[in-house]
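Step one of this worksheet: look at the structure below.
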Amino acid sequence: MQNIESYIQECESKLEGRFKEIDKTAYFNQVKVAKAFEKNNIADRHFNGTTGYGYGDDGRDVLGKVFASAFGAEEGIVSPHLLSGTHALTVALFGFLRPGDTLLCISGMPYDTIRGVIYGEGNGSLKDFGVKFNCVDLDKNGLFDLEKIKRELQNGVKVVYIQRSRGYELRDAFSCGQIGEVCKFVRSCGFNGCIFVDNCYGEFVEEKEPCEAGADIIVGSLIKNPGGGLAQTGGYICGKAQYIDLIGKRLTAPSIGLEVGSFALGYQYYYQGFFMAPHTVAQALKCSLLIGTALNGLGYKNYPSADKTPYDITRAIRFDDREKMINFIREVQYASPVDSFVTCEEWDMPGYDDKIIMAAGTFVSGASIELSADGPVKPPYIAYFQGGLTYEHGRYALSRILSKM
């Protein structure tokens with residue numbers, strides 16, 4: 001192989017135009033976030049923590065309004081008490097699904113950790129509470145199967161569920177344009193219920209968010225895109241006020257709703273992280289494109305393909321070889337700022353169907369907006385790469401990876 005630095009520079013030259021497009025999107029979203037801060041008159045007092053019940057916690061309440069403003073939603077919940085993306089999704093679904101209701105996922109089988117929430121048995125799942133679940137697989141091109149969706153909608157569906165990102169599947173993430181088109185189609189079939197989008201990994205990748213494209217509820221994690229690398233935990237739920245009100249009653253208690261909820265440590269990192277998020281996401285997208293282009297040149301198939309601009313920050317790299325996949329993930333760990341001395345091993349991670357190997361040498365534990373990689377250790381041996389707080393760090397990690405390949 002030619003000199004590694006020369007090869008990386010060659011890849012960068014190919015990406016100049018697409019990097020400029022990413023910067024343009026980042027600027028658009030930065031303006032959108034800045035205007036959300038201005039609209040809600042953010043002041044120093046909003047960073048203060050509260051204790052006890054948290055009555056009158058202005059920082060908590062206004063943080064939800066800032067997210068809602070930026071995401072084109074009516075209302076929002078942003079809370080450090082939402083412990084992960086899966087937890088946020090769980091709270092939201094339990095907020096308005098009732099016994100006898102039907103949840104229909106139209107984007108194929110959802111991500112591993114939410115499956116037990118939906119149809120686990122004897123664990124307090126939606127199924128245990130009498131909520132029915134159906135799933136429509138994507139067509140052979142990885143797109144929404146409209147005919148099958150139309151048939152399923154005739155069976156009394158309460159919530160239509162869309163997973164924007166690929167999870168551990170070999171498909172591209174959905175664009176907001178694609179989500180908007182399927183939302184329009186679902187409504188044309190006479191559906192009047194809630195269109196619900198798992199928005200994890202997709203925030204600020206485009207100029208629009210799913211609420212602006214027709215979704216009623218969007219959900220995500222703060223240790224992914226919208227936390228900007230600064231939020232230390234938490235999740236968000238944004239959308240129509242009628243649903244947010246019900247979800248708030250499940251987050252706390254039906255008699256109290258969003259009137260309570262304290263957080264003694266304060267909210268500065270949540271506000272500041274959200275303000276930084278458009279730039280941070282742009283850095284992660286550039287890392288993704290650079291690594292995808294470099295590995296594509298070495299013959300490794302990428303999802304999305306290296307000639308496409310991603311619709312989320314994750315990249316699936318197919319190795320078709322167990323050791324190559326594991327070594328790639330280990331090199332990401334060795335290039336990390338935290339625990340760079342650790343050698344990753346596969347293990348039975350809670351909530352997953354297969355053994356998982358995960359590189360996450362991150363400042364915030366498990367934060368996938370930071371440089372990270374993971375995947376189930378099974379054929380065809382695919383590593384799912386995401387993040388990068390800075391492009392420079394992603395570039396450095398690539399040089400380390402190439403030196404071992």
**Request:** Look at the aromatic rings of Phe71 and Tyr236 and report parallel, tilted or perpendicular, splitting at 30° and 60°.
**Result:** tilted
**Message:** On the six-membered ring of Tyr201, is Lys224 placed so that its NZ or CZ lies under 6.0 angstrom from the centre and within 45° of the ring axis?
**Reply:** yes
**Asked** Do NZ/NE/NH1/NH2 and the carboxylate oxygens of Lys132 and Asp101 come within less than 4.0 Å?
**Response** no
**Prompt:** Hey, are Tyr168 and Asp374 close enough side-chain-wise for a donor-acceptor pair under 3.5 Å?
**Reply:** yes
**Item:** Pair Gln333, Asp339: side-chain N/O donor-acceptor within cut-off below 3.5 Å
**Value:** no
**Asked** Is the ring centre of Tyr300 less than 6.0 Å from the ring centre of Phe319?
**Response** yes
**Item:** Pair Arg395 + Glu5: basic N to acidic O under 4.0 Å
**Value:** yes
**Presence of salt bridge, Arg318 and Asp320, under 4.0 angstrom** = yes
**Prompt:** For the ring pair Phe328 and Tyr381, is the centre-to-centre distance below 6.0 Å?
**Reply:** no
**Message:** Could you measure the distance from the CD1 atom of Ile244 to the NZ atom of Lys249? Nearest 0.5 Å is fine.
**Reply:** 12.0 Å
**Prompt:** Where is the tightest heavy-atom contact between Asp312 and Leu285, given as atom of each residue plus distance?
**Reply:** O-CD2, 3.5 Å
**Request:** Compute whether any side-chain donor of one residue and acceptor of the other, for Ser69 and Asn40, lie under 3.5 angstrom apart.
**Result:** yes
**Asked** Does any pair with a residue in residues 385-405 pass ring-ring contact (aromatic ring centres under 6.0 Å, His included), and if so which ones, sequence neighbours excluded?
**Response** Phe19-Tyr391
**Asked** Looking at SG of Cys200 and CG of Leu89, how far apart are the two atoms once the value is rounded to the nearest 0.5 Å?
**Response** 5.5 Å
**Item:** Ring-ring centroid check Tyr267 Phe47, cutoff 6.0 Å
**Value:** no
Would you list the atom pairs, donor with acceptor, under 3.5 Å between side chains in residues 288-295 and any protein atom, with sequence neighbours excluded?
unit_1	atom_1	unit_2	atom_2	d
Ser288	OG	Arg315	NE	2.9
Ser288	OG	Arg315	NH2	3.4
Thr293	OG1	Leu289	O	2.8

**Prompt:** In Å, rounded to the nearest 0.5 Å, how long is the span from OG1 of Thr86 to CZ of Arg115?
**Reply:** 11.5 Å
